[in-house]
Amino acid sequence: MKAVPRTPMRVVPKTPRMQQTVEKQRRDTSEKARDPVNVFCRVRPLQSDADLTSLRVKNSTTIALNPQDQLLQHHKQHNAAQREIQYIFKHVFQPDATQQDVYASVAQPLVENLLKGRNSLLFTYGVTGSGKTYTMTGNLRHRGIMPRCLDVLFRTISDYQAKKFVFKPDKLNGFEILSEEDALLERQHEMNQRFAGAGRFAFRHKDSDPEIASQASVEPIPLLGLDEDNMYSVFVTYIEIYNNSVYDLLEDSGIQKTLQSKIIREDANRHMFVHGVTEVEVKTVEEALEVFQMGQKRKRMGHTVLNAESSRSHSVFNIRLVQAPTDSQGENVVQDRQNITVSQLSLVDLAGSERSSRTKNTGVRLREAGNINNSLMTLRTCLEYLRENQLSASNGLAPKKVPYRDSKITHMFKNYFDGEGQVSMIVCINPRIEDYDENMQVMKFAEMTQEVQIARATPMKQDLGLTPGRRKANKLFKIAVNNLNELGIPEAKDLEVDVGLVYSLGADFPAYEMDSPEAQIKIRELMHYLEQRIEKRKKLRANLDIKCDSFRQMLMNLDRDNLQLRTELASLKAVYKQERDRSAALEKKVRIHESSIDVLNNTLSKQERQIEELTFKLNEKENMLTQKEHEKEKQKKKFSSKLAVESDKNKREFELKLREQRAKLQERMRIKDEKLRLVSNILQSEELPSLPRSQSSENILNEKDRGAYTVRTEVSSVPATRTDIYATPRHGAAAANNRHRRSRSAGDKWLEHRAANPVPLGTIMQPYLKNRKSVTKLTDMKELTAHGTTKYCLVSQDADTDGDVETKLYKGNVIPTCGGGAQVVFNDVECLKQKSPVHSPTRKRPSNGNISALGSGAVPSTVTSAQDVASRCNVGIEGHSSKKSKI
């Protein structure tokens, strides 16, 4: 079984005096007269004539469950022999009983108790769909108990109601009395809010709701026994207990907003109440029903298999009647809250107990049903404990602690079960066969409840000693004065009413005529009448003497008490003077100490400010030092990096210069060797060869000095070998004019000689040759001489030392020869390289040819490659190398 959360209990330290008070209250409660809980039973009519019933009403107090005829076959597997079970109630309402019958028997005595200042509790109990809500509130055609109670109450006190806001709730389950001016301000504020359409006082048309109009249409008979010298006001509250939490259905918030749960507290009189609940003052039954309908819209209802509109919470509608005596003139309420009498009628509509196997509830509905069953089980447990405590008290045993706090519904009405009011219950029964098991449990609970005895409450009304009937007498006197004024009698304004007690000796003397024949008889009657008056006068005088003696004794006692109080007052004044002087001295010391404390605080604040300033300066200095250290580190790193860069730069420059010097020395050695060989050849040859003017050793040296290791090299003419430079021209060789120039206006026409499948570069910057013709192979001389070709470009693609693609463009002039052919004189080499923006380690793997050439003093690779290209071009164009001579 799921544990039910309990309301937190306020822990009050127990004192001997409090223990004595509690024991006295317990003893007074046990000595009071007790009344049993009034349990009534109402049978709901069958919804269809085809339905079978499981009970029958024997008389006005007895009901019998008879399962033998209809339920025998249905329950034969459980119990083969069952007999009729009878239950006795205070009154049993048959299916044809009207709402007025139920009200007259059950609720009207509770309204009479309300007018007499007594509290009452009425709750309906039964399974779901048994007619509890119908009995309590009714419908459009048949009013229930609640609207009938309100109607009777307002018709009874209609002429004795106080003006609105004369009584005002103090939020602690009590009331306070406002003056006429304060009440007028409150009424003005309510009227402003009503016309502004704000809050709960929004303006509404009267009888706007047809349901309210129909429920307030019947005119009941007012009740008797009302104290006409009191003023009355009616306050209503409407709360619900949903999932063991208390919610205020009249809370001043929008309907769409979520209600906030409330807590149950105990007031100064140890009465339980809902803290912060909204108490609405109503003046008519229509207004009260309108407030009820506003709360009804927020009540949680749900659809189940057994009931289309099933209450998912316990609802409590409280009617609180506040009454207070009027003054001696019977016009205004006595301004003393101690004279207020508050009585309450609580109408509780309990949610019906359910079985999940029948309702088929799941999810939220199942959780609601569990909380409803738990609260009803707690109510049953509390009543069982009360019955056991009554039996234990008769046997002299200690009573058990009743677990009121296990559920909010029992905690709220704890005072009723402890003897603070009358408790009544209506058990609603649905006589269908399907509800037999549930009805059996309800009957057992009702039977047990009737055995519980509740202490009879004796409300104490304040007796101020004022004249009874003063309010009505004053009203009649005012009517008479007004009538006299209308008749034109000016003395009527000066009349004053005295409604105090007056000593009277009886009626006036009757008129007698002494000359009648029955004079003697009349005289004897008059003597008898006078004797009665004398006797009555003696009694009144004796009573007056006794009252005067008691009043004199009271005055003497008051004088003695006054003298004693004066003496005590004088002594207290002396003590008060001493204490006042002592307090003045202490105040002076306090002022001195406060001034010294102020001085010390000022000094302390100055020291703290100085410490903050020094701390700030210290932080600044530390920040400056830290910044300087960072700057030093940055400068150090900067200079170190610069030093490393300069060192690397100087090292590279030195290596470069070293290589250049070495190359120059090697070139000079080669030139010297060439000169020596030339000299040797001159000496050995018969004729002196002519050195071409286009190239000499000095020019070659100078060109190497100027453009060594550049990407683009200017070459005027590249001989194939050393011997060809100084070789004697042979007879029959094709002669060409190296100084042949074409007109610039004709434009250059290029012949581009490239490989059949070149490697794609994919770069944006590409070499551009205007008026070009591309070929992959030269097989005929006409391809070179045709179309007026003047320029030749050979495209070569190789891999450099780093593995990247290196494209070289060998450019030259096409010069016609004497024999009708043409030769190419190369004068430019353009090298195109692609470099990656990402740095990669240099892979230097010099070839064996280069190492050997450098070791043996050979010419650099640029000159060698130029000569190789020249020889290849000779072979490609003329069909022979430069070494081959024509005959």
Side-chain angles (χ1 to χ4, degrees), residues 7 107 110-111 113-114 117-124 133 136-137 144-147 149-151 153-154 157 161 164-165 167-176 190 199-201 212 232-242 245-253 255 259-267 269 271-300 311 313-323 340-350 408-416 420-421:
T7 306
L110 304 183
V111 179
N113 290 340
L114 184 68
R118 299 174 183 175
N119 298 330
S120 300
L121 170 64
L122 173 62
F123 59 93
T124 57
T133 305
M136 187 62 69
T137 60
I145 290 176
M146 184 269 296
C149 291
L150 289 172
D151 202 355
L153 177 63
F154 280 109
I157 65 172
Q161 288 195 68
K164 203 166 189 179
F165 296 109
F167 300 102
K168 185 178 180 181
D170 59 358
K171 305 299 182 181
L172 295 175
N173 204 33
F175 291 87
E176 56 185 8
E190 179 196 7
R200 190 173 51 250
F201 304 105
I212 296 174
Y232 300 87
S233 290
V234 179
F235 293 81
V236 295
T237 63
Y238 195 17
I239 62 176
E240 73 167 350
I241 301 175
Y242 177 71
S245 296
V246 183
Y247 298 95
D248 182 10
L249 297 178
L250 303 181
E251 187 175 358
D252 192 6
S253 61
I255 298 179
L259 299 178
Q260 300 295 326
S261 62
K262 306 293 182 180
I263 61 174
I264 299 175
R265 298 182 62 182
E266 190 178 57
D267 63 4
N269 298 323
H271 293 166
M272 311 309 296
F273 71 101
V274 179
H275 181 67
V277 70
T278 304
E279 298 190 55
V280 183
E281 185 177 6
V282 291
K283 291 299 179 183
T284 60
V285 63
E286 292 84 1
E287 187 177 354
L289 292 176
E290 190 172 0
V291 172
F292 171 76
Q293 291 295 337
M294 183 178 66
Q296 194 73 5
K297 294 177 181 178
R298 299 180 178 178
K299 184 181 176 183
R300 291 171 173 85
S311 300
S313 61
H314 308 302
S315 60
V316 181
F317 188 80
N318 293 321
I319 305 173
R320 305 191 75 186
L321 181 64
V322 184
Q323 52 183 313
I340 297 177
T341 302
V342 181
S343 55
Q344 178 172 311
L345 172 59
S346 298
L347 303 176
V348 184
D349 183 11
L350 295 177
K408 292 293 191 299
I409 190 69
T410 55
H411 188 198
M412 185 184 303
F413 300 114
K414 168 181 176 295
N415 305 108
Y416 289 95
E420 294 295 335

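In this chain, numbering begins with 1 at the start of the sequence shown. Worth knowing before you read on, the calculation uses all heavy atoms, side chains too, and leaves out hydrogens, waters and symmetry mates.
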J.: Are the side chains of M136 and F317 in contact, using a 4.5 Å heavy-atom criterion?
T.: no

J.: Can you tell me how far CD1 of I239 sits from NZ of K299, rounded to the nearest 0.5 angstrom?
T.: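 Answer rounded to 0.5 Å: 12.0 Å.
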
J.: Can you confirm if the aromatic rings of F235 and F175 lie within a centre distance of less than 6.0 Å?
T.: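 That pair passes the under 6.0 Å test.
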
J.: Tell me which one of N173, N119, T237 satisfies side-chain hydrogen bond (donor to acceptor under 3.5 Å, both in side chains) with R320.
T.: N173

J.: Does the pair K164 and E287 meet the rule for a salt bridge (charged side-chain N to carboxylate O under 4.0 Å, His left out), with working shown?
T.: CA-CA 13 Å; K164 203 166 189 179; E287 187 177 354; 3.4 Å; yes

J.: Give a yes-or-no answer on whether the side chains of S346 and Y416 include a donor-acceptor pair shorter than 3.5 Å.
T.: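 Present: a donor and an acceptor within the cut-off.
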
J.: Measure the shortest side-chain to side-chain distance between L153 and L345 over non-hydrogen atoms and say whether it is less than 4.5 angstrom.
T.: no

J.: Rounded to the nearest 0.5 Å, how far apart are CG of L289 and CD of Q296?
T.: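 Going from the CG atom of L289 to the CD atom of Q296 covers 11.5 Å.
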
J.: Are any non-hydrogen side-chain atoms of F154 and T284 less than 4.5 angstrom apart?
T.: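 No, too far: nothing below the 4.5 Å cut-off.
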
J.: Rounded at 0.5 Å granularity, tell me how far CD in E420 sits from CG in L121.
T.: 12.5 Å

J.: List the atom of L172, the atom of D267, and the distance in Å for their closest heavy-atom pair.
T.: O-CB, 3.7 Å

J.: So do the side chains of K283 and E281 get within less than 4.5 Å of each other, counting heavy atoms only?
T.: yes

J.: Any non-hydrogen side-chain atom of D248 less than 4.5 Å from a side-chain atom of L259?
T.: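 SC-SC contact between D248 and L259 ruled out.
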
J.: Kindly check if the number of other-residue, nucleotide or ligand heavy atoms within 6.0 Å of CD (Q260) is above 12?
T.: no

J.: Before giving the answer on side chain to side chain contact (heavy atoms under 4.5 Å, CB included), spell out for I145 and C149 the whole-Å C-alpha distance, their side-chain angles and the decisive distance to 0.1 Å.
T.: CA-CA 6 Å; I145 290 176; C149 291; 3.8 Å; yes

J.: May I ask you to check whether over 12 heavy atoms, not counting those of K168, lie within 6.0 Å of atom NZ?
T.: no

J.: Between Q323 and I157, is any pair of side-chain heavy atoms under 4.5 Å apart?
T.: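 They are not in side-chain contact.
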
J.: Check whether any side-chain heavy atom of K408 sits under 4.5 Å from a side-chain heavy atom of S245, and report yes or no.
T.: no

